[in-house]
Amino acid sequence: VQLQASGGGLVQAGGSLRLSCVASGRTFRRSTMAWFRQAPGREREFVAGSGWRDDITVYADSVKGRFAISRDNATNTVYLQMNSLKPGDTAVYYCAARQGAVVTWSRYYGSWGQGTLVTVSS
């Protein structure tokens, strides 16, 4: 599956952004979708995931209560709504897809989008 992410930008602390990721192909409905992020000088980290079974969602502790992942199977799109943004959320955000359950290790995701930059100013 091919992924195209968008929606990044510059926002002040406390603000909101919504990222979108459109997937091509017929396997979106049975794909686990996730968002990862990578800040300069740091490793890529899991942010949120949406399993294709039972509407399961998983979040990193650092974003719980502030971010929400959702998916629209009709348009093959996964979203990441980000509220109460902090300067520490500044990173390039990537969407990813895999077959199987939500996992937090990036190496288990076989498809990746190109990344979209989110910058949160203080």
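Atom set for the values below is all heavy atoms of this structure, side chains included, hydrogens, waters and symmetry mates excluded.
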Which pairs, with at least one residue in residues 83-96 and sequence neighbours excluded, count as a side-chain hydrogen bond (donor to acceptor under 3.5 Å, both in side chains)? Ser16-Asn83, Arg37-Asp89, Arg37-Tyr93, Arg66-Asp89, Gln81-Asn83
Do Phe46 and Val102 have side chains that approach each other closer than 4.5 Å (heavy atoms only, starting at C-beta)? yes
Taking side chain as C-beta onward, heavy atoms only, is Ser50 less than 4.5 Å from Trp35? no
Minimal heavy-atom distance between Ser20 and Thr77, with the atoms involved, is CB-CG2, 4.4 Å
Which side-chain N or O atoms in residues 2-12 pair as donor and acceptor under 3.5 Å with protein atoms at least two apart or in another chain?
none

Derivation and outcome, side chain to side chain contact (heavy atoms under 4.5 Å, CB included), residues Phe28 and Asn73: CA-CA 7 Å; Phe28 180 83; Asn73 289 334; 3.1 Å; yes
Decide whether Val103 and Phe36 are clustered together by the hydrophobic rule: side chain heavy atoms of Ile, Leu, Val, Met, Phe, Trp, Tyr closer than 4.5 Å, transitively. yes
Test log, rule side chain to side chain contact (heavy atoms under 4.5 Å, CB included), inputs Leu19 and Val118: CA-CA 9 Å; Leu19 306 183; Val118 172; 4.0 Å; yes
Given the ring of Tyr79, does Arg18 sit roughly above its face, with NZ or CZ under 6.0 Å from the centre of the six-membered ring and within 45° of the axis? yes
Heavy-atom check, side chain of Arg29 versus side chain of Thr27, under 4.5 Å: no
Test side chain to side chain contact (heavy atoms under 4.5 Å, CB included) on Ile69 and Tyr59; report intermediate values, then the result. CA-CA 9 Å; Ile69 187 171; Tyr59 295 94; 3.5 Å; yes
Looking only at heavy atoms, which two atoms of Ala91 and Ala39 are closest? And how far apart? CB-N, 3.8 Å
Mind jotting down which residue pairs meet the side-chain hydrogen bond (donor to acceptor under 3.5 Å, both in side chains) criterion with at least one end in residues 99-122? Sequence neighbours excluded, please. Ser31-Gln99
Can you find a heavy atom in the side chain of Phe67 that is under 4.5 Å from one in the side chain of Leu80? yes
To the nearest 0.5 Å, tell me how far Thr57 OG1 sits from Lys64 NZ. 10.0 Å
Could you state whether Val1 and Trp52 fall into the same hydrophobic cluster, counting links through intermediate Ile, Leu, Val, Met, Phe, Trp or Tyr residues with side-chain heavy atoms under 4.5 angstrom apart? no
Does Ala101 offer a backbone N or O that forms a donor-acceptor pair with the side chain of Arg98 under 3.5 Å? yes
